[in-house]
S.K.: 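Below are the structure tokens for one structure; questions will follow.
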There are 2 protein chains.
Amino acid sequence: MVEKYNLESLQLTMRVIAGKWKIQIILELMKGKKRFNELERATSGITPKVLIRELKDLEKTGIVNREVLKTALPAVEYSLTPAGTNLQPVLNKMQKWAKIQGQFFHLKGS
Amino acid sequence: MVEKYNLESLQLTMRVIAGKWKIQIILELMKGKKRFNELERATSGITPKVLIRELKDLEKTGIVNREVLKTALPAVEYSLTPAGTNLQPVLNKMQKWAKIQGQFFHLKGS
DNA sequence: CAGGATCCATGACGATACTG
DNA sequence: CAGTATCGTCATGGATCCTG
């Protein structure tokens with residue numbers, strides 16, 4: 001069945017989870033709350049600057065939640081908002097599609 | 001239910017349909033075969049160079065099909081491959097998600 | 001520990017002009 | 001009509017170093 005699409009919201013949705021890091025972070029947070037440095041280690045190779053920017057982006061778009069813990073040392077925990085967990089069906093479909101396309105689907109054979 | 005995700009294929013899927021033009025083109029082609037200049041008019045504001053590049057990208061990733069017609073004047077028709085039409089469930093879920101997030105979801109309130 | 005500043009590389013996207 | 005060529009801009013991501 002063909003639905004009625006809103007181009008803008010589709011593009012917005014893409015922007016919100018596209019890029020090199022955002023899905024990685026989201027997948028990581030789907031496992032549960034994570035501290036900043038846990039995320040830093042989990043997404044190997046990311047620099048603090050980029051991680052911060054990505055997290056702020058995800059915060060702005062309502063996908064992750066930021067919580068400052070009142071512990072001895074500064075600590076911050078990130079977690080998914082409902083909007084974030086609602087992304088699962090989207091990712092499921094994407095995953096399914098990729099699996100179906102299989103090996104004849106690969107970028108930059110150029 | 002949480003599925004097992006493959007990060008790389010998720011990112012690949014995103015890359016394949018992300019950007020300013022690709023979804024527009026795909027949505028247009030979901031209506032049926034289109035000639036080059038039809039696409040050019042449908043995606044208002046695009047320049048030939050960019051449209052070509054986007055179409056080639058979509059061809060490379062197996063999403064669109066390019067067919068040269070043997071008419072008096074040079075004519076080319078583009079259409080979706082099965083892989084292309086298979087994107088519908090993905091877009092449906094994205095659309096649904098965007099709708100649920102509603103107004104409190106907007107980029108760059110910064 | 002969490003986050004910021006600065007500088008830099010690259011690729012996406014754009015404008016204009018031109019051609020088989 | 002369906003492309004190409006050339007040039008330019010800007011956002012994303014990266015490296016390194018610094019700080020409340």
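Proteins get letters first, then strands, A, B, ... in listed order; numbering begins at 1 in each.
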S.K.: Quick one: salt bridge (charged side-chain N to carboxylate O under 4.0 Å, His left out) partners of A:K31, sequence neighbours excluded?
M.R.: A:E28
S.K.: What contact category does B:E54 fall into here, base, sugar-phosphate, or nothing, at under 4.0 angstrom with non-hydrogen atoms?
M.R.: sugar-phosphate
S.K.: Test your reading of the model: is there a side-chain donor-acceptor pair from A:Q95 to the backbone of B:N6, 3.5 Å cut-off?
M.R.: yes
S.K.: Heavy atoms only, 4.0 Å cut-off, all strands: where does A:K22 land among base, sugar-phosphate and nothing?
M.R.: nothing
S.K.: Under a 3.5 Å distance rule, please check whether A:W97 uses its side chain to pair with a backbone N or O of B:L10 as donor and acceptor.
M.R.: no
S.K.: Please figure out whether A:E40 or B:K20 has its closest DNA chain C nucleotide nearer the 5' end.
M.R.: A:E40
S.K.: Please tell me if A:Y78 has a side-chain N or O lying less than 4.0 Å from either OP1 or OP2 of C:dC1.
M.R.: no
S.K.: Can you measure A:I23 atom CD1 to D:dG13 atom P for me and round it to whole angstrom units?
M.R.: 12 Å
S.K.: Taking only the side-chain nitrogens and oxygens of B:R66, find out if one of them lies under 4.0 Å from OP1 or OP2 of D:dG3.
M.R.: yes
S.K.: I'd like to know whether B:K49 forms a side chain to side chain contact (heavy atoms under 4.5 Å, CB included) with B:I52, so could you lay out the CA-CA distance, the side-chain angles of the two residues, the decisive distance to 0.1 Å, and finally the verdict.
M.R.: CA-CA 5 Å; B:K49 169 193 167 176; B:I52 280 290; 5.9 Å; no
S.K.: So how far off straight is the helix from C:dC1-D:dG20 to C:dG20-D:dC1, going by the axes through five pairs at either end, to 10°?
M.R.: 50°
S.K.: Looking at A:W21, does any N or O in its side chain come under 4.0 Å of the phosphate oxygens OP1/OP2 on D:dG14?
M.R.: yes
S.K.: What is the distance, to the nearest angstrom, from the NZ atom on A:K56 to the P atom on D:dG13?
M.R.: 17 Å
S.K.: Compare side-chain N and O positions of A:R35 against OP1 and OP2 of C:dC1 and report whether any pair is under 4.0 Å apart.
M.R.: no
S.K.: Would you please name every residue forming a side-chain hydrogen bond (donor to acceptor under 3.5 Å, both in side chains) with A:R35, sequence neighbours left out?
M.R.: none
S.K.: From CG of A:N37 over to P of C:dA2, roughly how many Å is that when rounded to an integer?
M.R.: 4 Å
S.K.: Provide, to the nearest angstrom, the distance between the CG atom belonging to B:L58 and the C1' atom belonging to C:dA12.
M.R.: 14 Å
S.K.: Which is it for A:L39 and A:L29 under the side chain to side chain contact (heavy atoms under 4.5 Å, CB included) test, yes or no, and what are the steps along the way?
M.R.: CA-CA 8 Å; A:L39 290 174; A:L29 288 178; 4.0 Å; yes
S.K.: Report, as a single string ordered 5' to 3', how protein heavy atoms within less than 4.0 Å touch nucleotides 15-20 of chain C: B base, S sugar-phosphate only, - not at all.
M.R.: BB---B
S.K.: Could you state the CG-P distance from B:L51 to C:dA12, rounded to the nearest angstrom?
M.R.: 16 Å
S.K.: Which residues pass the side-chain hydrogen bond (donor to acceptor under 3.5 Å, both in side chains) test with A:R41, sequence neighbours left out?
M.R.: A:N37
S.K.: Tell me the interatomic distance from B:D57, atom CG, to C:dC13, atom C1', rounded to whole angstroms.
M.R.: 12 Å
S.K.: Would you find a donor on one side and an acceptor on the other, under 3.5 Å apart, between the side chain of A:T13 and the backbone of B:A98?
M.R.: no
S.K.: Nearest-Å distance, CD1 (A:I52) to P (C:dT6)?
M.R.: 16 Å
S.K.: May I have all residue pairs that pass salt bridge (charged side-chain N to carboxylate O under 4.0 Å, His left out) and include part of residues 67-92 of chain B, sequence neighbours excluded?
M.R.: B:K33-B:E67, B:K33-B:E77
S.K.: If each of B:E77 and A:A18 is mapped to the nucleotide of DNA chain D with the nearest heavy atom, which maps nearer the 5' terminus, i.e. the 5' end?
M.R.: B:E77
S.K.: According to a strict under-4.0 Å criterion, is A:R53 in side-chain N/O contact with OP1 or OP2 of D:dA11?
M.R.: no
S.K.: Please give, in whole Å, the distance from C:dC13 P to A:Q11 CD?
M.R.: 10 Å
S.K.: With distance as the sole test, does A:Q11 use its side chain to make a donor-acceptor pair with the main-chain N or O of B:K20 at under 3.5 Å?
M.R.: yes
